[in-house]
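Below is one structure, written out as structure tokens; comments come after it.
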Amino acid sequence: MNICGIELKSNYAVLVVLKDKEFINLKIKKIVLEDDEKQDSIRTFCNEFLLFLEKNEIEKIYIKKRAKKGTFAGGANTFKIEALIQLNPICEVNLISAQTISSFEKKNTVTFPENLKKYQEQAYLTLLSSL
């Protein structure tokens with residue numbers, strides 16, 4: 001089973017894929033929403049994301065949840081990107097709280113794959129805590 005972990009940052013989605021619980025080092029590591037006010041940019045993001053899901057045969061997606069209010073609240077763009085991801089017709093999308101990820105990290109020794117980029121670590125942890 002191919003599953004995808006996602007962390008949303010400012011205007012892009014950081015992607016990590018596991019196939020049968022093994023990290024897959026893909027060429028595409030993030031997808032950017034260039035301009036959230038232009039319909040063409042939103043369509044481009046959607047099309048790139050759907051192509052990514054189809055090409056990598058993704059069966060489930062896990063997104064690291066962001067706070068809706070307060071000091072560490074996610075930006076408006078991240079919520080827009082999240083909605084676009086949740087609307088995909090290909091696979092199920094689940095949200096994983098930061099507390100769940102943190103708890104998993106405290107209870108387990110996590111060894112990051114050699115090819116994993118530093119900016120992908122939270123997406124990777126999101127996936128591991130969902131297993």
Could you report the tightest heavy-atom contact between [X] and [Y], atom names first, then the distance?
{"X": "Q86", "Y": "V93", "value": "CG-CG1, 3.8 Å"}
{"X": "R66", "Y": "T78", "value": "NE-OG1, 3.0 Å"}
{"X": "G5", "Y": "A123", "value": "O-CB, 3.6 Å"}
{"X": "I6", "Y": "L8", "value": "CG2-CD2, 3.6 Å"}

Can you tell me how far [atom2] of [Y] sits from [atom1] of [X], rounded to the nearest 0.5 angstrom?
{"X": "L125", "Y": "T100", "atom1": "CG", "atom2": "OG1", "answer": "12.5 Å"}
{"X": "C46", "Y": "Q39", "atom1": "SG", "atom2": "CD", "answer": "10.5 Å"}
{"X": "L87", "Y": "E82", "atom1": "CG", "atom2": "CD", "answer": "10.5 Å"}
{"X": "L84", "Y": "I42", "atom1": "CG", "atom2": "CD1", "answer": "6.5 Å"}
{"X": "I61", "Y": "I85", "atom1": "CD1", "atom2": "CD1", "answer": "6.5 Å"}
{"X": "E57", "Y": "C91", "atom1": "CD", "atom2": "SG", "answer": "12.0 Å"}

If hydrophobic clusters are built from ILVMFWY residues whose side chains come within less than 4.5 Å, do [X] and [Y] share one?
{"X": "L127", "Y": "I101", "value": "yes"}
{"X": "V110", "Y": "I3", "value": "yes"}
{"X": "F23", "Y": "L53", "value": "no"}
{"X": "I96", "Y": "L15", "value": "no"}
{"X": "I81", "Y": "Y119", "value": "no"}

Task: side-chain hydrogen bond (donor to acceptor under 3.5 Å, both in side chains) contacts touching residues 1-28 (sequence neighbours left out) - done: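 Sorted pair list: N25-K29.
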
Heavy-atom side-chain proximity of [X] to [Y] below 4.5 angstrom:
{"X": "I90", "Y": "L50", "value": "yes"}
{"X": "F52", "Y": "I31", "value": "yes"}
{"X": "N94", "Y": "S130", "value": "no"}
{"X": "F45", "Y": "D36", "value": "no"}
{"X": "I28", "Y": "N56", "value": "no"}

Task: Qualifying residues under ring-ring contact (aromatic ring centres under 6.0 Å, His included), relative to Y124, sequence neighbours excluded - done: F112

Open item on the list: Between T44 (side chain only) and D40 (backbone N and O only), is there a donor and an acceptor less than 3.5 Å apart?
Closed with: yes

Task: Residue E59 excluded, over 12 heavy atoms near CD under 6.0 Å - done: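 For E59, atom CD is crowded (more than 12 foreign heavy atoms under 6.0 Å).
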
